[in-house]
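See structure below.
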Amino acid sequence: MTCETYESEADLAAALGRRVVGLIQRHPTIVLALPTGRTPIALYSELARLTRLEHVDWSGVRTFNLDEFVGLGGGDAGSYRRFMQTRLFDHVNLRAGHIGFLDGRAPDLEQECTRYARAIADAGGIDVMILGIGANGHVGFNEPADALLARTHKATLDLPTRASNALWFDGEIARVPREALTMGMATILQSHAIVLMGTGESKAEAVNAVLTGGITTRVPASFLTLHPQVTMMFDEPLADAMATLR
Ligand code: PGA
């Protein structure tokens with residue numbers, strides 16, 4: 001596992017954006033898994049900027065997002081599908097058929113999870129998985145629990161997770177769905193390479209637990225330490241806050 005620390009969130013986004021563009025240029029049919037949340041916002045603006053500037057060709061790229069709220073789909077405000085459309089997809093020439101997303105409005109959610117897993121397998125698996133981390137140590141919506149699920153599934157969201165997602169719903173926690181569909185731990189760990197982004201002091205305890213606490217279902221991101229090719233990218237506020245915990 002490699003850990004890198006950048007002076008600011010913007011520097012981290014610039015470094016990762018440059019890396020992703022380099023990957024797309026060298027591997028035009030790369031399969032990427034993408035996160036939502038506050039953390040990747042700077043990354044997506046950087047990718048949009050670099051794409052404009054350098055005419056990056058995304059036409060062969062495939063993407064799969066990690067998760068989506070149950071009850072929400074592409075047209076809905078607050079959906080992760082909408083988030084990705086405005087932050088990234090509107091700014092690059094990804095083909096509509098190459099955008100993989102869980103549909104939180106699918107009539108049969110179990111079938112939807114199976115469809116998604118099959119779509120990932122049909123694409124040949126994930127080459128590079130980009131992740132954020134929750135303050136509670138979650139990745140995707142794999143929340144801390146006595147047992148984690150390997151495959152794509154419907155998850156019940158912890159209250160802190162719903163609270164941190166309230167900003168997509170005008171700050172109203174009550175409007176944040178209680179359930180979501182998410183890739184499971186096996187799908188994440190089967191990716192060829194994983195990049196985890198962590199920014200801000202609110203993530204210090206979770207990242208510290210990942211790096212020093214051993215592998216535990218109470219910190220789902222700790223399972224990433226089993227993977228042979230993980231890069232963790234932090235900003236200084238997170239690294240500084242972590243240093244005070246040691
Ligand atoms: P955040 O969420 O980027 O909004 O902090 C990260 C996550 O929950 O994975």
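Atoms within a ligand are numbered from 1 in the order they appear, just like the ligands themselves.
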Quick note, ring-ring contact (aromatic ring centres under 6.0 Å, His included) partners involving residues 195-235, not counting sequence neighbours, are none
Starting from the N and O atoms of ligand 1, collect every protein N/O partner closer than 3.5 Å and put each pair on its own line with the distance to 0.1 Å.
{"from": "ligand 1", "atom 1": "3 (O)", "to": "R38", "atom 2": "N", "distance (Å)": "3.1"}
{"from": "ligand 1", "atom 1": "3 (O)", "to": "T39", "atom 2": "N", "distance (Å)": "2.8"}
{"from": "ligand 1", "atom 1": "3 (O)", "to": "T39", "atom 2": "OG1", "distance (Å)": "2.4"}
{"from": "ligand 1", "atom 1": "4 (O)", "to": "R38", "atom 2": "N", "distance (Å)": "2.8"}
{"from": "ligand 1", "atom 1": "4 (O)", "to": "R38", "atom 2": "NE", "distance (Å)": "3.4"}
{"from": "ligand 1", "atom 1": "5 (O)", "to": "K203", "atom 2": "NZ", "distance (Å)": "2.6"}
{"from": "ligand 1", "atom 1": "8 (O)", "to": "H138", "atom 2": "NE2", "distance (Å)": "2.5"}

Salt bridge (charged side-chain N to carboxylate O under 4.0 Å, His left out) assessment of R162 paired with E143 | CA-CA 11 Å; R162 292 182 61 224; E143 299 281 48; over 6 Å; no
Sequence neighbours excluded - ring-ring contact (aromatic ring centres under 6.0 Å, His included) pairs with any residue from residues 162-201 = F69-F169, F83-W168
Output a table of donor-acceptor pairs, distance under 3.5 Å, between side-chain atoms of residues 97-107 and any protein atom two or more places apart or on a different chain; print 'none' if there are none.
{"from": "H98", "atom 1": "ND1", "to": "S59", "atom 2": "O", "distance (Å)": "3.4"}
{"from": "H98", "atom 1": "ND1", "to": "V61", "atom 2": "O", "distance (Å)": "3.1"}
{"from": "D103", "atom 1": "OD1", "to": "R105", "atom 2": "N", "distance (Å)": "2.8"}
{"from": "R105", "atom 1": "NH1", "to": "D76", "atom 2": "OD1", "distance (Å)": "3.1"}
{"from": "R105", "atom 1": "NH1", "to": "D76", "atom 2": "OD2", "distance (Å)": "3.0"}

E54, CD: over 12 other non-hydrogen atoms inside 6.0 angstrom = yes
Backbone N or O of T161 within a donor-acceptor pair of the D158 side chain at under 3.5 Å?
-> no
